[in-house]
Amino acid sequence: MFKGFRDFMMRGNVVDMAVGVVIGAAFTGVVTGFVSAFLTPLVGVVVGAAGDFGSYKATIAGVTFPYGQFLNVLIAFFMTAAVLYFCVVLPVTKATARYMPKKPKTPKRPCPECLTEIPETARRCSACTAQVEPLAVPAVPAAATVR
């Protein structure tokens, strides 16, 4: 009984996910600290406030709506999203595109029987198994030619 549980816990994806969650929580703390210490006060300077909107309230029909708390959370959310995008997502995307380029896609055509997209060099449709004539003959490398 415990062997199956141990095998499940020792799988790579479970351990990787656990590490990712812990690192994500720590990173969230760092980004939240950065946003509250630097970016939110900058927003306050730009709009002419102290950078803390927590005291902003509206009273309508005797009911108080503390919309300032929501503004603080909303600003922190958008600033966190911007920091994550420009400091993590964008650099990782550029590095991935540079160091791990995508393989070129093979040209496709519709199957004459079922209209499923199949490679131009296919001799049989993978969906309906109809035999088809290839449109392009695959290039044979020079070393593989028979003499």
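These numbers come from the heavy atoms of this one structure, side chains and all, not from hydrogens, waters or symmetry mates.
- Expressed to the nearest 0.5 Å, how far CD of Gln69 lies from OG of Ser55 amounts to 9.0 Å.
- Residues satisfying the side chain to side chain contact (heavy atoms under 4.5 Å, CB included) criterion with Phe77, sequence neighbours excluded, are absent altogether.
- Heavy-atom contacts from other residues, nucleotides or ligands closer than 6.0 Å to OH of Tyr67 number more than 12.
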Return all side-chain donor-acceptor pairs below 3.5 angstrom for residues 83-96, not counting sequence neighbours, or 'none' if the list is empty.
from  : atom 1 : to    : atom 2 : distance (Å)
Thr93 : OG1    : Val89 : O      : 2.7
Thr96 : OG1    : Val92 : O      : 2.7

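- Thr64 is linked by a side chain to side chain contact (heavy atoms under 4.5 Å, CB included) to Lys57, Thr59, counting only residues two or more places apart in sequence or in another chain.
- In terms of heavy atoms, Pro119 sits closest to Arg109 at O-NE, 3.8 Å.
- We find the SG-CD distance between Cys125 and Gln131 to be 11.5 Å, quoted to the nearest 0.5 Å.
- By the side chain to side chain contact (heavy atoms under 4.5 Å, CB included) test, Pro112 is found to be paired with Val132, residues two or more places apart in sequence or in another chain being considered.
- Other residues sharing the hydrophobic cluster of Ile60, ordered by chain and number and joined by side-chain separations under 4.5 Å: Val63, Phe65.
- Ile118 and Ser126 get closest at one heavy-atom pair: CG2-N, 4.4 Å.
- Met100 belongs to no hydrophobic cluster with other residues, because no ILVMFWY side-chain heavy atom falls under 4.5 Å from its own, directly or through intermediates.
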